[in-house]
Trainee: 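Please read through the structure below; I'll follow up with questions.
The figures here come from the full heavy-atom set of this structure, side chains too, leaving out hydrogens, waters and symmetry mates. These numbers come from a predicted model, not from an experiment. By convention in this document, chain letters (A, B, ...) are assigned in the order of the sequence lines, proteins followed by strands, and residues within each chain are numbered from 1.
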Protein chains: 2
Amino acid sequence: MYIKKQFLLCCFLVAGFAPRADDGYRLWLRYDKISSTTLLNKYKTAIQFPFVYGQSATTDIIKDELNNGLSGLLGKNITSNKTTAANATLLCGTPIHSKEIKALYNELSLINAGDEGFVIWTQFINGKKRIVIAANTDIGVLYGVFHFLRLLQTHQPIENLNIISVPKLKLRMLNHWDNLNRTVERGYAGFSLWDWHKLPGYIDKRYIDYARANVSVGINAVALTNVNANATVLTKPYLEKVKALADVFRPYGIKVFLTARFSAPIEIGKLSTADPLNDSVKNWWNEKVKEIYSFIPDFGGFVVKANSEGQPGPQNYNRTHADGANMMANAVAPFKGIIIWRAFVYSNENPEDRHKQAYNEFVPLDGKFSNNVMVQVKNGAIDFMPREPFHPLFGAMPKTPLMMEFQVTQEYLGQATNLVYLAPLFKEVLQSDTYYKSKGSTVAKIIDGSLDNHTLNGMTGVANIGNDINWCGHPFAQANWYALGRLAWNYELSSEQIADEWLRMTFTNNSSFLATASKLMLQSRDIMVQYSNPIGLHHIMGSGHHYGPAPWVNNLNRPDWNPVYYHKADSIGIGFKRTVTGSNAIAQYLPEARKLWEDINTCEEKNLLWFHHVTWNYTMKSGRSLWDELCWQYYTGAERVQQMQQTWSGLKQFTDKERFEQVKMLLKIQYEEAIWWRNA
Amino acid sequence: MYIKKQFLLCCFLVAGFAPRADDGYRLWLRYDKISSTTLLNKYKTAIQFPFVYGQSATTDIIKDELNNGLSGLLGKNITSNKTTAANATLLCGTPIHSKEIKALYNELSLINAGDEGFVIWTQFINGKKRIVIAANTDIGVLYGVFHFLRLLQTHQPIENLNIISVPKLKLRMLNHWDNLNRTVERGYAGFSLWDWHKLPGYIDKRYIDYARANVSVGINAVALTNVNANATVLTKPYLEKVKALADVFRPYGIKVFLTARFSAPIEIGKLSTADPLNDSVKNWWNEKVKEIYSFIPDFGGFVVKANSEGQPGPQNYNRTHADGANMMANAVAPFKGIIIWRAFVYSNENPEDRHKQAYNEFVPLDGKFSNNVMVQVKNGAIDFMPREPFHPLFGAMPKTPLMMEFQVTQEYLGQATNLVYLAPLFKEVLQSDTYYKSKGSTVAKIIDGSLDNHTLNGMTGVANIGNDINWCGHPFAQANWYALGRLAWNYELSSEQIADEWLRMTFTNNSSFLATASKLMLQSRDIMVQYSNPIGLHHIMGSGHHYGPAPWVNNLNRPDWNPVYYHKADSIGIGFKRTVTGSNAIAQYLPEARKLWEDINTCEEKNLLWFHHVTWNYTMKSGRSLWDELCWQYYTGAERVQQMQQTWSGLKQFTDKERFEQVKMLLKIQYEEAIWWRNA
């Protein structure tokens with residue numbers, strides 16, 4: 001197998017050169033030489049001799065990353081373990097492989113670090129200092145090393161370190177909606193990274209750099225394939241390919257999941273049914289799972305979309321989601337696998353309000369799922385809108401671990417061409433109060449399982465990664481991959497902090513740049529909402545592309561696929577009445593959570609048309625009528641995109657020409673799209 | 001529009017560093033610092049002050065390329081026009097923009113350089129020297145500059161230059177079989193470069209680097225779209241996108257062509273017919289062409305695949321290929337456009353020998369095509385086989401300019417995973433003697449039009465380029481793009497010279513490396529033939545993939561789609577009898593050309609089973625029976641791939657780790673495939 005060690009050597013010698021072309025391939029792991037001489041000298045003195053304990057594929061990775069990262073950042077060749085551990089100024093390891101670190105176990109509070117957490121600590125010995133990066137596992141050390149490199153990349157002081165960092169969620173995941181023909185559903189950055197034709201024989205260097213990027217932000221699980229699943233991936237030739245990827249990802253602490261097509265026993269197993277209570281079906285899955293684990297002993301499990309948008313599922317056999325999930329859970333249980341069952345369900349009948357369906361189907365099943373099943377819930381009840389109240393399932397299924405599903409790919413947020421920083425959206429949802437146990441029962445606390453002592457917990461993002469050279473299409477879309485990982489590790493990080501980190505690592509530590517670019521990012525999602533779906537409007541996109549506006553679309557097969565279904569515009573007003581006199585979807589929220597929304601006078605204007613049908617002449621807080629306010633929002637949104645263009649132009653001196661021009665062209669397109677939304 | 005100037009700055013400062021990671025993106029335009037100090041100093045002294053005359057988009061490109069190339073190669077910052085022309089040591093320009101060059105017009109023999117040729121000449125003035133790169137057009141100068149940079153990249157002496165280079169063919173083209181959904185028919189390097197969704201607003205840097213690579217090898221035309229055409233590309237929104245690409249390519253001297261779907265007047269024009277003699281149809285094409293030229297004033301014209309493999313064409317209306325081609329030719333004539341009509345035709349009936357069809361259909365039309373029509377002929381009569389006698393149309397249509405169609409993408413030559421250098425295949429065809437006017441009427445002389453004084457002439461290659469980071473999937477596949485361009489410019493270059501140039505520019509000038517790697521390349525096509533289609537066998541590939549062997553396939557709809565149709569194996573022998581007692585396809589060649597082939601005793605063994613059905617116990621020159629010889633060839637071919645693996649392993653010290661590992665993995669796959677062929 002092919003592990004590339006020299007990835008970063010190309011560039012560190014050119015540091016000091018005024019901003020040079022950057023194709024974006026390196027993401028936030030650029031490791032260019034520290035630009036401040038004072039800081040550089042401090043770092044050089046402090047770091048000098050790194051030593052890494054242990055002998056494993058993971059410790060090899062730690063050494064490579066340290067050598068490359070430090071050599072780049074410090075502008076001189078640095079090689080780990082050139083000195084003894086006793087002389088090291090930077091000591092990395094676990095208590096298992098290092099007596100020194102074992103001796104410091106209590107001082108380092110390693111008991112609190114768990115399997116994945118780490119400690120970074122400045123040790124004072126006889127007036128000398130050394131930095132210790134310690135963890136209970138090699139993977140923990142790897143996380144620590146990336147954190148330490150980030151401190152340098154972001155120009156933080158390292159004189160007196162005392163950091164302990166433990167992930168708040170166990171499963172920090174990416175869902176790739178990648179098809180076996182390499183198209184990506186809702187992918188806007190080229191095509192799938194997974195080159196199935198050349199696998200397993202050819203290991204693309206991107207697989208390794210993808211793993212590096214993931215572990216650097218804390219991601220530890222990936223579902224390789226689309227939730228609209230193809231059973232072929234479960235056949236032997238494909239399992240050999242999946243194994244090759246799992247082998248690459250394993251030393252980075254990343255587990256592989258696959259999506260399972262519920263009807264696979266029929267399609268590739270030649271059975272006549274996929275009924276989850278049928279013995280042949282159970283047996284087929286048991287044997288298939290055994291086969292998978294023979295290739296991938298640490299296989300994560302299945303992600304399943306069933307009985308939704310035409311996908312087969314247990315309801316085809318009059319069984320429940322729990323019947324289906326438990327049958328699969330039973331198959332993977334002996335191998336410690338789990339089943340992630342998606343709650344995003346659309347029945348084929350026409351529901352009175354799509355908002356209500358997942359809740360109606362899943363709440364009655366609470367307590368009926370096996371203990372190795374998680375139910376994966378989208379952040380909102382409709383579908384990854386630019387703004388959406390939190391999903392009412394959060395706080396409504398106490399006996400079931402709920403996994404958060406965010407969408408990193410910008411299906412409804414301008415796709416590849418719009419600069420929209422998603423951390424504020426993620427944070428808005430995570431901080432929403434469900435009032436499940438009391439005030440402060442935020443969505444974040446539901447998904448971390450702490451309120452009900454769940455042992456399984458996690459967060460996933462639908463990936464925005466493709467084979468474009470810069471991975472995500474838009475240079476700023478990389479920030480959303482970054483933010484998903486960072487928030488899954490620690491949802492208490494602020495959007496500001498994440499943007500600041502990412503900008504420093506991806507562009508420059510220049511403070512003028514940071515002040516301006518950070519503002520650009522932090523406002524961007526609000527601006528997108530403003531020019532596309534203001535005041536709680538939703539799903540007014542064109543149906544084929546989910547990209548631009550098409551509020552006039554009214555010719556689709558199902559009422560709830562039509563934009564007019566959602567904005568309910570008529571001669572009197574606009575908005576979807578979900579209060580007690582409407583669909584009453586609002587009743588799915590706990591009384592405290594919904595209190596403000598229920599009354600048109602207390603409902604925040606940002607959610608107004610989500611819950612209420614409002615007359616065109618309704619007076620908004622601004623004093624404008626609803627109609628005028630809508631116009632004002634659309635116009636202001638478009639104007640603000642123009643301001644984004646100007647702001648970016650002012651940052652030219654700080655950025656390399658290549659990415660500067662890319663973002664400039666994209667903002668121009670974004671402005672044209674904002675005008676398109678406005679005029680629609 | 002976005003022209004990136006800093007593309008190459010990243011890397012030149014790291015020269016001197018032992019072979020470092022290279023992702024292959026830079027192709028043969030790497031411009032790393034000259035490794036020999038002696039040579040470096042000579043070059044530095046000689047070049048010092050470049051000066052470029054002229055003020056156009058093309059001269060801007062010339063300056064950028066010179067600055068980047070020289071700065072990289074010489075390891076110091078070099079900027080053109082920092083001195084006056086009088087003090088310049090390297091002077092570039094045209095007689096139009098430079099009095100000095102005008103004054104040298106005769107001495108430089110610029111009269112012989114034509115529109116695209118160039119002169120590179122060492123001028124001696126008062127005991128001092130300066131290098132002059134001159135041409136009659138800016139584009140000519142650009143070609144000259146790339147040639148000059150190649151001299152440095154390949155470590156050639158520049159003390160006393162006296163080079164005049166003029167392309168032997170006017171149209172030096174790539175045909176992209178790229179679909180609008182970005183899949184590529186027979187593309188094995190990812191997906192289409194053309195990101196139609198983001199065009200025209202977003203100009204991917206790859207478009208510029210693609211243009212640079214093309215002009216560096218002399219390519220001056222591209223057909224953007226698949227010959228299995230989609231009429232949508234002719235609609236206004238797409239023409240705006242095509243215009244954006246044409247605008248990028250224009251200053252590089254590259255003209256854009258599109259493929260025209262013959263039934264476009266029905267599909268996007270809402271006509272009821274596409275009959276080429278129908279006035280509404282003619283008028284539709286006239287108007288459509290006018291519209292195209294309003295976007296792209298120098299649009300090249302159309303490439304058309306008609307009445308072949310289910311594509312619509314004039315025969316649907318009982319018209320001839322000439323009727324169809326001339327109708328379109330008439331539409332583009334006022335704008336100096338041309339029509340390139342493909343001769344690759346398969347009728348829907350089952351022909352007795354597919355080999356004969358193109359000849360039978362096209363020879364009677366010789367003289368009936370308008371003078372702005374070219375007929376594009378594949379190199380052989382079947383279909384881009386690993387080895388194939390030249391197409392009998394060459395030399396059989398004296399009144400029609402024939403364009404050569406080679407396949408750079410390795411549809412039948414191992415696709416993305418096999419190292420097969422195609423220059424020997426191209427050369428074998430170009431040097432084949434048609435005996436059209438006399439001995440020496442090679443295919444090359446047919447296509448350059450010299451034997452019949454055609455004003456149009458050209459060569460195209462079906463591109464092997466995709467959005468993989470290294471453009472072509474296999475690092476060595478880049479050599480085939482390079483070779484196609486170089487041979488289209490000058491078909492007299494040898495395979496050896498082209499391999500040597502490419503290796504020096506793409507890997508290293510180290511002589512040990514070159515001796516070994518060059519041999520590896522030059523043998524590779526013979527080896528491929530040996531383990532896949534030896535002794536004139538052909539088309540025994542699996543039908544869906546065209547990739548690996550499937551000689552047993554006998555279940556397709558048409559006999560000529562079945563491998564057994566081509567190898568005709570039975571209890572007595574194997575081979576396709578095309579002599580007078582067989583299909584008599586051989587009669588399509590002129591008597592002198594076919595003489596040796598006709599007699600089983602004089603036919604070269606490499607073409608034996610192409611023309612003859614040979615008994616299994618037939619004694620070959622080796623003394624082995626045919627059966628034993630076949631086995632021997634397959635075994636030897638596979639063994640030789642193993643030797644290729646060993647050879648490559650020995651080159652580790654000379655190559656960067658990244659490409660070394662890539663090629664190593666791919667050769668392993670190639671070996672497994674050779675075994676697969678052998679066992680089949």
Trainee: With chain A, which of B/Ser192, B/Gly190, B/Gly473, B/Gly201 has the greatest number of heavy-atom pairs at distances under 4.5 Å?
Mentor: B/Gly201
Trainee: Just how far is it from atom CD1 of B/Ile669 to atom NZ of A/Lys198, taken to the nearest 0.5 Å?
Mentor: 8.0 Å
Trainee: Kindly compute the distance separating CD (B/Gln662) from NZ (A/Lys205), expressed to the nearest 0.5 Å.
Mentor: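 The CD atom of B/Gln662 sits 8.5 Å away from the NZ atom of A/Lys205.
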Trainee: Using non-hydrogen atoms and a 4.5 Å limit, figure out which bit of B/Asn181 sits close to chain A: side chain, backbone, both or neither.
Mentor: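 Only the backbone of B/Asn181 comes within 4.5 Å of chain A.
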Trainee: Restricting to non-hydrogen atoms, name the atom on B/Phe191 and the atom on A/Arg182 that form the minimum distance, rounded to 0.1 Å.
Mentor: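 That closest heavy-atom pairing would be CZ-CB, 3.4 Å.
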Trainee: What distance separates B/Asp23 CG from A/Asp23 CG, expressed to the nearest 0.5 Å?
Mentor: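 The distance works out to 7.0 Å.
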Trainee: Are A/Ile469 and B/Arg206 packed together at the side-chain level, in the sense that at least one heavy-atom pair is separated by less than 4.5 angstrom?
Mentor: yes
Trainee: Please state whether the side chain, the backbone, both or neither of B/Lys668 comes within less than 4.5 Å of a heavy atom of chain A.
Mentor: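 Nothing of B/Lys668, per the 4.5 Å heavy-atom cut-off to chain A.
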Trainee: Counting heavy-atom pairs under 4.5 Å to chain A, which of B/Thr183, B/Asp468, B/Asn467 comes out on top?
Mentor: B/Asn467
Trainee: Distance check, rounded to the nearest 0.5 Å: A/Ile203 atom CD1 versus B/Glu661 atom CD?
Mentor: 11.5 Å
Trainee: How many angstroms lie between CD1 in B/Ile208 and CD in A/Glu658, if you round to the nearest 0.5 Å?
Mentor: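 One finds 9.0 Å between CD1 of B/Ile208 and CD of A/Glu658.
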